[in-house]
Novice: 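Got a structure for you, questions after.
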Amino acid sequence: MKILIIQECGRHEKNKNFREALSLQRSLTKLNCEALVWGLNYSSFNVPINFNDFDAIINLENYDTGWVPDLSYFNKPFKILWSIDAHVKGIESYHRDFSEGKYNLLLQATKDYVPNIPNSIWFPNCFDDSLIKPLDNIPKSHDIGYCGNYTTAERTALINSVSQIFNFKKDIFVIGQDMVEAINSYKIHFNFNISNDINYRNFETIGCKTALCTKHNHQYDELGFEDFLNCIFYEDVNELKEKVSTLLSDKNKLESVSRSGYELSKKHTYDSRANFLLEYLKNKM
């Protein structure tokens, strides 16, 4: 199968190799699929391309400044729109793009939005285990840490509250390999989803064999996350503090949760998502 993945080249040098398009390309290639990444600021962008040469095209969450092609004129490829940020941008823009582009399938990172648009399926976030992994040379020197951006006032307030109690490390806008090393240095990694999403950091955390502490929503249950088995869930700051304290006081339990989280991570790699997608396409095309 020949697949075109459309996504703008990463804007930050440290993070370029971590882009979704490249991770998906690597996994599809392992499955003997011919996959080309094409988009703004890639060298291939200036090379003429015939979209009808491909069996499938994936338009993957772009910052569109007018460069994304109108695929509505092409009927041969099976056309896929991949929605990752609907929890921030709202589902309406994706609904419009899906209809106007005459796409065949919408991949939705947030399950709650699947019923809103026909021909949608849940395609949860994941992580690239060729880049993100446990690093034995990085000691877990911080009891709890946060690697990400402040983004919202609620997240910022919670980070600041937790940081006043524990041996806490803030790594704000730390990306690429530096992000992998930062997460590996935490015993517990604090996460706060912006809305009803399950963000990438959940999977990257357990993929580093670091215990995940995150606010619960129903999608976690369907993805195999279980409180005090392979992560810890909180509903408010008091529960967060209590559970983190409990886990830090029991070294064996902390190691067990970290190890079980790592085992779960193997179900949520780009390889597993790519395999699911190819099987789906074989049945639909």
Side-chain angles (χ1 to χ4, degrees), residues 1-11 16-86 89-111 113-126 128 130 200 268-285:
M1 187 176 295
K2 188 175 181 181
I3 296 179
L4 177 68
I5 308 168
I6 300 175
Q7 187 180 41
E8 180 180 340
C9 183
R11 299 183 180 184
K16 282 186 176 180
N17 201 34
F18 287 72
R19 291 286 277 168
E20 294 97 337
L22 296 178
S23 292
L24 181 61
Q25 180 190 42
R26 285 189 284 267
S27 292
L28 288 171
T29 300
K30 290 180 190 176
L31 296 169
N32 299 315
C33 180
E34 183 180 352
L36 172 68
V37 173
W38 179 90
L40 188 66
N41 295 325
Y42 280 107
S43 58
S44 61
F45 187 66
N46 297 315
V47 179
I49 190 167
N50 184 350
F51 296 106
N52 280 321
D53 286 344
F54 297 89
D55 299 303
I57 297 176
I58 303 172
N59 180 3
L60 200 171
E61 194 70 52
N62 284 295
Y63 317 118
D64 186 8
T65 54
W67 67 268
V68 178
D70 180 359
L71 299 177
S72 63
Y73 299 102
F74 301 96
N75 296 319
K76 176 184 176 292
F78 189 90
K79 294 176 294 187
I80 303 167
L81 182 64
W82 185 353
S83 161
I84 298 171
D85 286 340
K89 297 161 60 176
I91 194 62
E92 295 79 11
S93 64
Y94 296 97
H95 200 169
R96 183 189 63 248
D97 292 345
F98 186 78
S99 298
E100 293 179 356
K102 298 180 180 178
Y103 286 90
N104 304 101
L105 176 67
L106 179 62
L107 302 178
Q108 300 243 39
T110 302
K111 188 176 183 181
Y113 300 122
V114 171
N116 296 82
I117 303 177
N119 299 314
S120 293
I121 61 171
W122 190 24
F123 198 70
N125 289 326
C126 55
D128 188 336
S130 70
Y200 282 109
H268 298 296
T269 64
Y270 271 94
D271 288 354
S272 63
R273 299 288 187 263
N275 185 67
F276 169 85
L277 182 59
L278 285 183
E279 289 300 316
Y280 184 92
L281 293 178
K282 288 175 184 177
N283 292 326
K284 290 293 182 179
M285 293 172 60

Novice: Evaluate Lys16 against Cys9 for side chain to side chain contact (heavy atoms under 4.5 Å, CB included), listing each step before the verdict.
Specialist: CA-CA 7 Å; Lys16 282 186 176 180; Cys9 183; 4.1 Å; yes
Novice: Tell me yes or no: between the side chains of Ser72 and Asp70, is some donor less than 3.5 Å from an acceptor?
Specialist: yes
Novice: Quick one: does any side-chain atom of Asp55 pair with a main-chain N or O of Lys2 as donor and acceptor, under 3.5 Å?
Specialist: yes
Novice: Within a strict 4.5 Å, meaning less than it, do heavy atoms of the Tyr42 and Leu36 side chains meet?
Specialist: no
Novice: Would you give the length of the straight line joining atom CG of Asp97 to atom CD1 of Ile117, rounded to the nearest 0.5 angstrom?
Specialist: 9.5 Å
Novice: Side chain to side chain contact (heavy atoms under 4.5 Å, CB included), that's the test. Do Ile84 and Leu60 meet it? Break it down for me.
Specialist: CA-CA 8 Å; Ile84 298 171; Leu60 200 171; 3.8 Å; yes
Novice: Got a second to check how far Ile57's CD1 is from Phe74's CZ, nearest 0.5 Å?
Specialist: 7.0 Å
Novice: Can any side-chain N or O of Arg19 pair as donor or acceptor with the backbone N or O of Arg11 at less than 3.5 Å?
Specialist: no
Novice: With distance as the sole criterion, is a donor-acceptor pair present between the side chains of Asn116 and Tyr94 under 3.5 Å?
Specialist: no
Novice: For a 4.5 angstrom cut-off between non-hydrogen side-chain atoms, does Leu278 reach Ile3?
Specialist: yes
Novice: Under the 3.5 angstrom rule, does the side chain of Ser23 hit a backbone N or O of Glu20 as a donor-acceptor pair?
Specialist: no
Novice: For the OH atom of Tyr200 and the CG atom of Asn125, what is their distance to the nearest 0.5 Å?
Specialist: 4.5 Å
Novice: Using atom types as modelled and distance alone, determine if a side-chain donor or acceptor of Gln108 lies under 3.5 Å from a backbone N or O of Tyr113.
Specialist: yes
Novice: Tell me whether Thr29 contacts the main-chain N or O of Ala35 through its side chain, where contact means a donor paired with an acceptor under 3.5 Å.
Specialist: no
Novice: What's the shortest heavy-atom distance between Ser27 and Asp271, and which atoms?
Specialist: OG-OD1, 2.6 Å
Novice: Other residues, nucleotides and ligands only: do more than 12 of their heavy atoms fall within 6.0 Å of NZ on Lys76?
Specialist: yes
Novice: Just how far is it from atom CG of Leu106 to atom CD1 of Ile91, taken to the nearest 0.5 Å?
Specialist: 6.0 Å
Novice: Whether the side chain of Arg273 engages the backbone of Phe123 through a donor-acceptor N/O pair (distance < 3.5 Å, no angle test) should be reported.
Specialist: no
Novice: Using side chain to side chain contact (heavy atoms under 4.5 Å, CB included), reason through Arg26 and Tyr270 one step at a time and then give a plain yes or no.
Specialist: CA-CA 9 Å; Arg26 285 189 284 267; Tyr270 271 94; over 6 Å; no
Novice: CD1 of Ile58 to CD1 of Ile80: how many Å apart, nearest 0.5 Å?
Specialist: 4.5 Å
Novice: Below 4.5 Å, heavy atoms only, C-beta onward: do Trp82 and Leu24 meet side chain to side chain?
Specialist: yes
Novice: May I have the step-by-step check of side chain to side chain contact (heavy atoms under 4.5 Å, CB included) for Leu107 and Tyr280, ending in yes or no?
Specialist: CA-CA 11 Å; Leu107 302 178; Tyr280 184 92; over 6 Å; no
Novice: Are Asp128 and Phe18 side-chain neighbours, meaning at least one heavy-atom pair lies under 4.5 Å?
Specialist: no
Novice: Give me the atom names and distance for the closest heavy-atom approach of Ser83 to Ala86.
Specialist: OG-CB, 3.6 Å
Novice: Checking Lys102 now: which residues fulfil side chain to side chain donor-acceptor pair (under 3.5 Å) with it, not counting sequence neighbours?
Specialist: none
Novice: What distance do Leu4 atom CG and Gln25 atom CD have between them, rounded to the nearest 0.5 Å?
Specialist: 10.0 Å
Novice: Taking the six-membered ring for Trp, are Phe51 and Trp38 ring centroids under 6.0 Å apart?
Specialist: yes
Novice: Side chains of Val37 and Gln7, heavy atoms from C-beta outward: is any pair under 4.5 Å?
Specialist: no
Novice: In chain order, what residues pass the side-chain contact (heavy atoms from CB on, under 4.5 Å) check against Asn119, with sequence neighbours excluded?
Specialist: Phe98
Novice: Measure the shortest side-chain to side-chain distance between Leu81 and Leu105 over non-hydrogen atoms and say whether it is less than 4.5 angstrom.
Specialist: no
